[in-house]
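Every heavy atom of this structure was used, including side-chain atoms; hydrogens, water molecules and symmetry mates were not.
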Amino acid sequence: MVVRGRDWELLRDVRPLRSKLPNQKEAFYEALQRILDGGRQETLILGDINGRVGNNILGYEKVLGRHGEVTRNDSGKRLLQFCINNNLAVYNTFYPHKDIHKYTREEPTLQQRSLIDYVVGSPDFRRRVRDVVVRRGPEIGSDHYLVVAVICGNRRPQKNRKKRKKNVKEKINVYKLKTQAQQDAYRDTVDGMIEEFQSWNDLDLEGTWAKFKEILLAGAAEICERQNCGRRMKKTRWWSVEVQEAVQVKKAAWKVYLEARTHETYGLYKIARREVKRLVKEAKKKAWEEYGYVRTANASSGEFPITMGVRQGDVLSPLIFILVMDEVLKECETKCRAFHLGNWRLQPVRFSALAFADDVMLLAKSEEALQHNLNIWDEELRKRGLRINLAKTKSMVIAREEIKHQNLRVGGELVEQVAEFKYLRATMSQSGKIKNELNARIAAGSRLFYALNRKFLSKDEVSPET
């Protein structure tokens, strides 16, 4: 068979005799050897060879992979020796698969399964074989399963292939124009270029616009400078000289540790690494507060300064509020004193706040801890332009003994203390009992039933079965 100009020899159904006589097996391999000596360019041996080659590659590194079955018998050893003599490899053993996609023969009644159907070829050709896998779906009327080899096209290596050029582009650092000095310098540069060009009257409308565009870009490139940008050359707003110097110190500390390999040098490296993380976190936070951008399905806009928030009722308002509250929760979680509620699956359950949208409930073991957590929340919210609504903020103590008055304050103002409080439509009392909540729900159900009975169930048109 000729495929893409290469002569192929496909040997299928090359099953050796099942006889245990050595001379009959040797006769088979001698006949197979005569076929291989015919001088074909490529040869693939396909079929049931009645040999189990195992997965121990010691001594068979070039012909056997690590993903075969465990068992190896004498017929498998003879096949491996034949592969060594003819520079062949057993492809099935080089690709990892589950057992159902590995074993090629199975006898369910005897609970026997084995790997005896192989795809054998040269080690060089194995680079074009993507996979050898067993397919159990096709019915072939045998206790053997279908073995499929996925072979790619004839890929010849290209010598002296030129390296592909990187997708590197240039852009102008227009963000430098945010300062008044840069704006004045850019204006003067553009005015000077316009005055130097004396052939404006010789250009038509399109030519005038093209020249004007060229002057604008040239002036911007001269004042703001250009920079390379691409997939691996991204310019980040938070990257600064301070961060760059800290990263260089960290790299130098790592090199020192690699040379010395001592606890002292590794401790210095950890300190430098911790400093880099701190600077990067602060720089990203500052950049996020100062600049933003709009992302669409296909592209992102350029960065622009954030000077004011969205108005109430804006479609972006809920999303931005959730993002801010998520950041506040993460910050407060690390600073607040956690409340130990109990254990779940032998693990302690600790938390300091419960949040649902803008309804937040703080929990603490003592008045001192609660005041500490309240101060942290008030501080973190004020940093982001938010404040605690004291008109809706209440405090309640849940205890079995006598309840003492709490002196909780937010910004110097006292927080009202109550005996009952409704959170997410559930009434909680200072005694910790749910009697009032049950009575409230029973009353609500009764009101609904009597309303339905008066408006609907009492009608003559409604039967009792309804």
Side-chain angles (χ1 to χ4, degrees), residues 1 8-33 35-36 42-152:
M1 182 176 68
W8 286 74
E9 183 77 18
L10 298 180
L11 306 180
R12 61 182 181 87
D13 198 17
V14 293
R15 173 173 28 187
L17 298 174
R18 293 183 178 272
S19 173
K20 297 183 180 180
L21 298 178
N23 57 347
Q24 293 182 352
K25 294 183 179 180
E26 290 300 325
F28 163 77
Y29 281 106
E30 289 176 1
L32 187 59
Q33 185 67 51
I35 297 175
L36 294 179
E42 298 287 355
T43 301
L44 284 180
I45 302 175
L46 315 172
D48 178 8
I49 306 182
N50 279 333
R52 307 177 72 175
V53 297
N55 59 3
N56 186 3
I57 66 172
L58 185 62
Y60 304 102
E61 291 81 359
K62 295 183 179 180
V63 301
L64 186 66
R66 299 178 181 271
H67 304 290
E69 60 175 339
V70 179
T71 306
R72 177 181 294 169
N73 56 17
D74 294 338
S75 298
K77 294 179 181 178
R78 183 65 183 89
L79 174 60
L80 293 176
Q81 187 62 42
F82 179 81
C83 291
I84 292 177
N85 297 337
N86 295 273
N87 191 26
L88 299 175
V90 183
Y91 293 164
N92 306 53
T93 61
F94 287 92
Y95 306 96
H97 288 293
K98 296 181 179 179
D99 290 346
I100 60 173
H101 298 147
K102 180 189 302 182
Y103 291 100
T104 61
R105 177 184 176 274
E106 186 174 12
E107 184 62 42
T109 57
L110 301 178
Q111 296 184 353
Q112 295 179 354
R113 59 182 183 177
S114 57
L115 174 57
I116 57 177
D117 298 272
Y118 298 105
V119 179
V120 180
S122 65
D124 294 336
F125 182 74
R126 190 173 66 83
R127 293 178 296 180
R128 305 178 195 170
V129 180
R130 292 290 177 259
D131 194 12
V132 178
V133 62
V134 171
R135 301 295 186 189
R136 293 195 168 203
E139 178 59 45
I140 58 178
S142 172
D143 57 349
H144 293 255
Y145 295 112
L146 180 66
V147 181
V148 177
V150 181
I151 303 175
C152 67

For V53, does its backbone N or O pair with a side-chain atom of R72 as donor and acceptor, under 3.5 Å?
yes
Between the main-chain N or O of D117 and the side-chain N or O of N92, is there a donor-acceptor pair closer than 3.5 Å?
yes
Could you tell me whether E107 atom CD has more than 12 heavy atoms of other residues or ligands within 6.0 Å of it?
yes
Locate the shortest heavy-atom distance separating C83 from V90; write the atom from each residue and the value.
SG-CG2, 4.1 Å
For T71 and S114: C-alpha separation, side-chain torsions, deciding distance, then whether side-chain contact (heavy atoms from CB on, under 4.5 Å) applies.
CA-CA 8 Å; T71 306; S114 57; over 6 Å; no
Which residue pairs satisfy the side-chain hydrogen bond (donor to acceptor under 3.5 Å, both in side chains) criterion with at least one member in residues 56-67, sequence neighbours excluded?
none
Side-chain contact, heavy-atom cut-off 4.5 Å: V70 with N55?
yes
Atom pair CD1/OG1 of I45 and T43 - distance to nearest 0.5 Å
7.0 Å
Just how far is it from atom CD of E106 to atom CD of Q112, taken to the nearest 0.5 Å?
10.5 Å
Hey, mind stepping through V132 and V147 against side-chain contact (heavy atoms from CB on, under 4.5 Å) and telling me if it holds?
CA-CA 7 Å; V132 178; V147 181; 3.9 Å; yes
Interatomic distance, D48 atom CG to I116 atom CD1 [nearest 0.5 angstrom]:
4.0 Å
Taking all non-hydrogen atoms of both residues into account, name the closest pair between G51 and S75 and its distance.
CA-CB, 3.7 Å
Atom pair CD1/CG of I49 and L32 - distance to nearest 0.5 Å
8.0 Å
Tell me whether R127 contacts the main-chain N or O of D124 through its side chain, where contact means a donor paired with an acceptor under 3.5 Å.
yes
Does the side-chain contact (heavy atoms from CB on, under 4.5 Å) test come out yes or no for L36 and L88, once each step is laid out?
CA-CA 11 Å; L36 294 179; L88 299 175; 4.1 Å; yes
Give every residue pair that meets the ring pair (Phe, Tyr, Trp, His ring centres under 6.0 Å) criterion with at least one member in residues 72-119, sequence neighbours excluded.
Y29-F82
Check: R52 main-chain N/O paired with N73 side-chain donor or acceptor under 3.5 Å
yes
In terms of side-chain geometry, is the basic nitrogen of D74 or K25 positioned less than 4.0 Å from the acidic oxygen of its partner?
no
Strictly distance-based, threshold 3.5 Å: is any side-chain N or O of R136 a donor or acceptor partner for the main-chain N or O of I100?
yes
Does N87 reach the side chain of S122, with side-chain heavy atoms less than 4.5 Å apart?
no
When rounded to the nearest 0.5 Å, the distance separating NZ of K102 from CG of L115 is 8.0 Å
Residue list, salt bridge (charged side-chain N to carboxylate O under 4.0 Å, His left out) with R78, at least two apart or on another chain
E26
